[in-house]
Undergrad: 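The structure is given below, and queries will be raised subsequently.
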Amino acid sequence: MQTQNDFFRNQAEQFEITGKIVSTDAYGSGHINDTVLVVAETGDGQKRYILQKVNSNVFKKPEQVLSNIEKVTAFLKVRANSEREVLSLIPTKDGNTHIKDENGNLWRMYNFIEDSVCLDTVESKQDFYECAYAFGKFQRDLRHFPAETLYETIPNFHNTPIRFGAFLSAVSADKCGRAKNVKDEIDFITERQDFYSVLIDAEAKGDLPVRVTHNDTKSNNVMLDKNTRKALCVIDLDTIMPGYSVTDFGDAIRFGASTAAEDEKDLDKVHFSLDLFKAYTEGYLAGCDGKLKPTEIMLMPEGSKMMTIECGMRFLTDYLNGDTYFKIAYSDHNLVRARTQLKLVKEMEEQWDDMKAVVRQYANIKD
Ligand code: ADP
Ligand code: GN1
Ligand code: MG
């Protein structure tokens, strides 16, 4: 019988790798893709690759995901100093960016970023600064990339009013009879509905430009050098699309400026850290190197709260719909995740003036 690892090997063998494959094992802790570490023996040491199945439940047009990645990585490669600074697609033996397996799923392969770490939980302010620097630099390097040439691979991905609409539909459908367990959370999200269009309104006013954005700026999507802990490379490029710099900023804050994991069950451990917010603001703006507008910088607190409450409503929507989107490890996992996000939103609101003061200082705006 074919094992899972044999199946992975069959996919891996279709790519242009150096050497003979010696292992193919499941790898990483992402919520979306299936990731496989491929190790090959070259005769001159081992070489490693990352093989991934693109999640076709999440990405309805996976070819468009590959097209975006191909364009962006080619653009970044010209600006990189070494192969550890950018993901490169390993071509298939017949010169394509991907293969399709017998079930119609699409697979692609990347160079492995050697001697690096990525952090599921930020361990220090300095590490968080480095993650911020990496995403800021990513923004800076891509500022002349024509955003309109990218596919919107998940339509309205960070359109919070539309996410709120999907949430309300899940509440009224209540497919799994779970709405009764989460009345307080439903109220919390509903009470804040006037906030959800703030960024879209700012774009309409000309305060918030549309840029090329990463859209999944968790700390575990940045590789840091294992020894120096300096930022090396931004990974997980599937959601690159046109978007706002402040949602990239805010998604990183919601994940990294928390004192606990995204799925911490004990809410007493979950706090929003203003210190980490400061460190990320500093690192992100240093990486962007003066390329953001002052009005845009001033919206970073709104971006942070928006991404946190949006993620909370996405987790809760999935919980209500019966856990069909995010991978879960146990039955209430999405509810636990939603609760941490709502707790962070509450604490951001309590520290709102301080968050505004931090960005005002960096945007060089006087009272
Ligand atoms: P997901 O969308 O599921 O989060 P990722 O692309 O982030 O998938 O990959 C999952 C994990 O695999 C990452 O958090 C990282 O640990 C590891 N990883 C992914 N790409 C690479 C790479 N090119 N080099 C080294 N490790 C990688
Ligand atoms: C997913 O793929 P991963 O685990 O980096 C999700 C993000 C969420 C995140 C929550 C394509 O990211 O939008 O913020 O989980 N990615 C997609 O942890 O939906
Ligand atoms: Mg990831």
Side-chain angles (χ1 to χ4, degrees), residues 71-87 113 116 118 122 124-148 150 199 202-203 206-219 221-225 228-237 239-253 255-257 275-304 307 355-366:
K71 286 184 201 146
V72 167
T73 51
F75 190 91
L76 289 174
K77 215 169 182 168
V78 181
R79 286 153 184 82
N81 296 317
S82 84
E83 66 167 39
R84 289 169 77 219
E85 285 181 21
V86 65
L87 287 185
I113 310 296
S116 65
C118 73
V122 171
S124 70
K125 269 201 276 191
Q126 192 53 36
D127 284 345
F128 202 37
Y129 175 98
E130 287 299 324
C131 294
Y133 188 88
F135 281 117
K137 181 169 182 297
F138 183 80
Q139 182 54 251
R140 186 210 318 165
D141 287 345
L142 287 168
R143 73 189 184 283
H144 295 311
F145 186 99
E148 66 286 357
L150 295 176
L199 299 180
E203 181 196 336
D207 287 347
L208 195 56
V210 172
R211 302 182 181 276
V212 177
T213 47
H214 181 280
N215 294 302
D216 191 3
T217 50
K218 300 200 286 197
S219 58
N221 285 332
V222 176
M223 309 309 292
L224 305 180
D225 184 281
T228 65
R229 302 290 267 210
K230 290 277 176 205
L232 265 180
C233 178
V234 166
I235 62 164
D236 206 347
L237 305 178
T239 46
I240 288 181
M241 283 181 263
Y244 305 136
S245 63
V246 300
T247 61
D248 266 6
F249 174 86
D251 196 35
I253 294 297
F255 188 79
D275 255 11
L276 288 170
F277 179 78
K278 267 189 210 149
Y280 199 90
T281 304
E282 210 178 316
Y284 191 67
L285 292 176
C288 287
D289 196 23
K291 302 297 184 282
L292 301 185
K293 287 170 73 145
T295 48
E296 198 175 7
I297 297 174
M298 279 311 290
L299 286 163
M300 285 173 160
E302 280 79 357
S304 307
M307 286 302 94
M355 290 171 79
K356 280 285 182 187
V358 168
V359 296
R360 190 177 302 116
Q361 178 194 338
Y362 289 106
N364 260 332
I365 292 174
K366 306 276 174 293

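Owing to the predicted nature of the structure, the values given are computational and were not obtained by experimental measurement. Because only heavy atoms are used, hydrogens play no part in the values below, and waters and symmetry mates are left out as well, while side chains stay in.
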Undergrad: Short question: side chain of Asn215, backbone of Thr239 - any donor-acceptor pair under 3.5 Å?
TA: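 Yes, Asn215 side chain to Thr239 backbone: donor-acceptor pair under 3.5 Å.
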
Undergrad: Relative to each other, are the rings of Phe249 and Phe277 parallel, tilted or perpendicular (30° and 60° limits)?
TA: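 Perpendicular: the ring planes of Phe249 and Phe277 meet at over 60°.
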
Undergrad: Side chains of Met298 and Lys293: does their closest heavy-atom pair fall under 4.5 Å?
TA: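 A side-chain contact under 4.5 Å is absent here.
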
Undergrad: Using the rule given for side chain to side chain contact (heavy atoms under 4.5 Å, CB included), can you reason through Glu130 versus Val222, listing the C-alpha separation, both sets of side-chain angles and the distance that settles it, and then say yes or no?
TA: CA-CA 9 Å; Glu130 287 299 324; Val222 176; over 6 Å; no

Undergrad: Got more than 12 heavy atoms from elsewhere within 6.0 Å of CD, Glu203?
TA: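 Counting neighbours around CD of Glu203, more than 12 heavy atoms of other residues, nucleotides or ligands fall under 6.0 Å, so yes.
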
Undergrad: Mind listing the closest non-hydrogen atom pair of Leu299 and Ala202 along with its distance?
TA: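 Minimum heavy-atom contact is CD1-CB, 3.6 Å.
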
Undergrad: Among residues at least two apart in sequence or on other chains, which ones pass salt bridge (charged side-chain N to carboxylate O under 4.0 Å, His left out) with Lys137?
TA: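 Scan of Lys137 (salt bridge (charged side-chain N to carboxylate O under 4.0 Å, His left out), adjacent residues dropped) gives Asp141.
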
Undergrad: Test of understanding: with salt bridge (charged side-chain N to carboxylate O under 4.0 Å, His left out), list the residues that count as partners of Asp251, not counting sequence neighbours.
TA: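 With sequence neighbours excluded, Asp251 shows a salt bridge (charged side-chain N to carboxylate O under 4.0 Å, His left out) to Arg254, given in chain and number order.
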
Undergrad: Do the side chain of Asn221 and the main chain of Asp216 share a donor and acceptor less than 3.5 angstrom apart?
TA: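 Between the backbone of Asp216 and the side chain of Asn221 there is a qualifying donor-acceptor contact (under 3.5 Å).
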
Undergrad: Please tell me if the side chains of Glu302 and Leu208 come closer than 4.5 Å, counting only heavy atoms from C-beta onward.
TA: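 The answer is no, as the side chains (C-beta and beyond) never meet within the 4.5 Å cut-off.
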
Undergrad: Between atom SG of Cys131 and atom NZ of Lys218, what is the distance when rounded to the nearest 0.5 Å?
TA: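 It is 13.0 Å, given to the nearest 0.5 Å.
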
Undergrad: Can you confirm whether Ile235 sits close enough to Met223 that some side-chain heavy atom of one is under 4.5 Å from a side-chain heavy atom of the other?
TA: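 Ile235 reaches Met223 side chain to side chain.
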
Undergrad: For the rings on Phe138 and Tyr284, is their centre-to-centre separation under 6.0 Å?
TA: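 Not under 6.0 Å, so no.
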
Undergrad: Name the residue from Tyr280, Phe135, Tyr133, Phe255 that meets the ring pair (Phe, Tyr, Trp, His ring centres under 6.0 Å) definition with Phe128.
TA: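 That would be Tyr280.
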
Undergrad: If every non-hydrogen atom of Tyr129 is compared with every non-hydrogen atom of Ala286, which pair is closest and at what distance?
TA: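 What the structure gives for the nearest pair is OH-CB, 3.6 Å.
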
Undergrad: One pair to check against side chain to side chain contact (heavy atoms under 4.5 Å, CB included): Phe145 and Lys71. What are the steps and the verdict?
TA: CA-CA 9 Å; Phe145 186 99; Lys71 286 184 201 146; 3.8 Å; yes

Undergrad: Give a yes or no on whether the backbone of His214 and the side-chain of Asp248 come within a donor-acceptor separation of less than 3.5 Å.
TA: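 Side chain of Asp248 to backbone of His214, a donor-acceptor pair under 3.5 Å: yes, one is there.
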
Undergrad: Out of Val122, Asp127, Leu224, which residue meets the side chain to side chain contact (heavy atoms under 4.5 Å, CB included) rule with Ser219?
TA: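 Of the listed residues Val122, Asp127, Leu224, the side chain to side chain contact (heavy atoms under 4.5 Å, CB included) partner of Ser219 is Val122.
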
Undergrad: About how many Å separate CG of Asp236 and SG of Cys118, when rounded to the nearest 0.5 Å?
TA: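 Cys118 atom SG to Asp236 atom CG measures 9.5 Å (nearest 0.5 Å).
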
Undergrad: Show the nearest heavy-atom pair for residues Ala134 and Val234, with the distance to one decimal.
TA: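 Answer, listing the atom of Ala134 first, then Val234: O-CG2, 3.8 Å.
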
Undergrad: For a quick test of reading the model, state the closest non-hydrogen atom pair linking Pro242 to Leu150 and the distance between them.
TA: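 Closest heavy-atom pair between Pro242 and Leu150: CD-CB, 4.2 Å.
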
Undergrad: Return the minimal non-hydrogen interatomic distance between Met307 and Thr247, and the atom names on each side.
TA: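 For Met307 versus Thr247, the nearest heavy atoms are CG-O, 3.4 Å.
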
Undergrad: What's the spacing between Leu232 CG and Ser116 OG if we round to 0.5 Å?
TA: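 So the gap between those two atoms works out to 6.5 Å.
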
Undergrad: Is there a side chain to side chain contact (heavy atoms under 4.5 Å, CB included) between Asp225 and Arg84 once you walk through the steps?
TA: CA-CA 9 Å; Asp225 184 281; Arg84 289 169 77 219; 2.8 Å; yes

Undergrad: Which heavy atom in Leu237 sits nearest to a heavy atom in Thr73, and how many Å separate them?
TA: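 Here Leu237 and Thr73 meet closest at CD1-CG2, 3.6 Å.
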
Undergrad: Going from NZ on Lys356 to CE on Met300, what distance comes out if it is rounded to the nearest 0.5 angstrom?
TA: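 The NZ atom of Lys356 sits 11.0 Å away from the CE atom of Met300.
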
Undergrad: How far apart are the C-alpha atoms of Leu87 and Ile113, what are their side-chain angles, what is the distance that settles it, and do they pass the side chain to side chain contact (heavy atoms under 4.5 Å, CB included) test?
TA: CA-CA 8 Å; Leu87 287 185; Ile113 310 296; 4.1 Å; yes

Undergrad: Is Thr281 reaching over with its side chain to a backbone N or O of Val359, donor-acceptor style, under 3.5 angstrom?
TA: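 No, the answer is negative, given that no donor and acceptor are paired below the 3.5 Å cut-off.
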
Undergrad: Tell me which one of Arg140, Gln139, Arg211, Glu296 satisfies side chain to side chain contact (heavy atoms under 4.5 Å, CB included) with Lys291.
TA: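 That would be Arg140.
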
